[in-house]
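Some notes on the structure that comes next.
Below, each value reflects all heavy atoms present in this structure, side chains not excepted, and no hydrogens, waters or symmetry copies.
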Amino acid sequence: MASWQALADEARLWFDSGRTGILWWRDDDAVDAGPALERLLAIREDAAVSLSLAVVPAQATPALAARLRAAPDVDVLQHGYAHVNHAAASERKKMELGLHRPAMMVLGELGTGWLALERLFGAQALAVMVPPWNRIAPTLVPTLPEIGFKGLSTFGPRRRPRPTRGLLEINTHVDLTDWKGGRGFVGEAAALAALVSALARARAASPAASAEPVGVLSHHLAMDGEAWDFLRSLWQRATILPGLAISPARALFTTETASTPSLVTGEANG
């Protein structure tokens, strides 16, 4: 399993090659202001790093919008519509953006959700879809640009930067919560192993411009103390490692070259 030294070694490989490994931070399931959100924003401020909040439109409150107006550099992404599971009880994996309902109904909800985010968050809201539970039916993906979405973010290595014309995919790769093993922190060694592996995969991408930014996924409403401690340590260390940089989602999703490989799947929760 990996260690902090392994992360430093990987960062050095990026630095020695004259390149920079790009990290980004996505936190899911935001709906309201509160102590957990304050804790999250404090880490962001102390480490001076960029944060993207995946907000559930149907549950988002004016209090959340008011709080984020005081943190204008936090980007808001759209986390489905209501974060409701529409899969059958017999299905093992939860899904909101599946084919369990008519596609027009699903897309209609997403459009309504986007209008709600625009109204609440204004320019902080980015037209980037983050499917609840990181899952979306493949046949729905090509329709996202048709209703105004420019980006897609799930979990795991993407297959290609653009799964369909007009849509850029940039995923997360390190989930701090062990959803299948008690919902506690996945552990320092496991989190670092996932991070180092994702960075190494990006470094090996050919052409180099196709390297996918590496995403760290947190859930401020579900994390235990160990996960919070790791999150703080990670950003404090990553900001001073030569060879690494933390990018805002806004910068990644508005560049034509933001980079490679998934669509639909994703085993992290969200």
Side-chain angles (χ1 to χ4, degrees), residues 26-32 34 36-37 40 52-61 64 76-117 120-121 125-144 146-149 151-159 163-164 167 169-186 215-224 227 262-270:
R26 197 187 92 201
D27 186 275
D28 285 3
D29 302 344
V31 295
D32 199 1
L37 180 67
L40 190 78
S52 304
L53 277 181
V55 175
V56 182
Q59 301 178 39
T61 66
L64 175 63
V76 171
L77 314 181
Q78 183 170 338
H79 202 24
Y81 174 65
H83 210 301
V84 171
N85 177 32
H86 294 286
S90 59
E91 296 184 48
R92 188 171 63 89
K93 295 182 178 181
K94 296 179 179 180
M95 203 171 192
E96 179 175 55
L97 307 185
L99 300 179
H100 311 90
R101 301 176 296 156
M104 292 304 296
M105 180 181 295
V106 176
L107 297 175
E109 285 185 347
L110 294 183
T112 299
W114 173 247
L115 292 176
L117 290 189
L120 281 171
F121 302 101
L126 302 181
V128 175
M129 175 53 54
V130 179
W133 299 287
N134 290 293
R135 301 185 187 107
I136 181 171
T139 55
L140 291 179
V141 173
T143 67
L144 292 178
E146 297 175 9
I147 58 173
F149 288 99
L152 172 68
S153 182
T154 63
F155 185 85
R158 65 192 179 188
R159 296 192 182 105
T164 193
L167 192 72
E169 183 175 0
I170 304 175
N171 293 338
T172 54
H173 309 85
V174 185
D175 192 343
L176 303 188
T177 302
D178 183 2
W179 300 102
K180 297 179 181 179
R183 301 171 71 88
F185 178 42
V186 71
V216 175
L217 175 59
S218 60
H219 293 77
H220 67 281
L221 294 176
M223 293 193 300
D224 62 16
S262 146
L263 189 57
V264 177
T265 58
E267 293 305 313
N269 234 17

Can you tell me how far the CD atom of Glu146 sits from the CG atom of Leu140, to the nearest 0.5 Å? 11.0 Å
Interatomic distance, Leu77 atom CG to Leu117 atom CG [nearest 0.5 angstrom]: 9.5 Å
Using modelled atom types only, decide if a donor and an acceptor are shared between the side chain of Glu96 and the backbone of His83 within a distance under 3.5 Å. yes
Quick one: closest heavy-atom pair of Thr139 and Thr143, and the distance? O-CG2, 4.0 Å
Is the backbone of Lys94 close enough, under 3.5 Å, to the side chain of Arg135 for a donor and an acceptor to pair up by distance? yes
Give me the atom names and distance for the closest heavy-atom approach of Met129 to Pro131. O-CD, 3.6 Å
Show your reasoning for whether side-chain contact (heavy atoms from CB on, under 4.5 Å) applies to Phe149 and Leu110. CA-CA 10 Å; Phe149 288 99; Leu110 294 183; 4.2 Å; yes
Are the side chains of Thr164 and Leu144 in contact, using a 4.5 Å heavy-atom criterion? no
Minimum-distance pair of heavy atoms, taken over all atoms of His79 and Val130: ND1-O, 2.8 Å
Taking atom OH of Tyr81 and atom NE2 of His86, what is their separation to the nearest 0.5 Å? 10.0 Å
So, taking the atom named CG in Leu152 and the one named CD in Gln78, what distance separates them when rounded to the nearest 0.5 Å? 12.0 Å
What are the two closest non-hydrogen atoms of Asn134 and Ser153, and how far apart are they? OD1-O, 4.3 Å
Thr154 versus Glu169: any side-chain heavy-atom pair under 4.5 Å? yes
How long is the straight-line distance from NE2 of His219 back to CG of Asp27, given to the nearest 0.5 Å? 7.0 Å
Applying side-chain contact (heavy atoms from CB on, under 4.5 Å), can you list everything that pairs with Ala30, at least two apart in sequence or on another chain? Leu53, Val55, Leu64, His220
Nearest 0.5 Å, please: how far is CG in Asp28 from OG in Ser218? 7.5 Å
Taking all non-hydrogen atoms of both residues into account, name the closest pair between Asn171 and Gly156 and its distance. ND2-O, 2.9 Å
Which atom names give the shortest non-hydrogen contact between Phe185 and Asp224, and what distance separates them? N-OD2, 2.9 Å
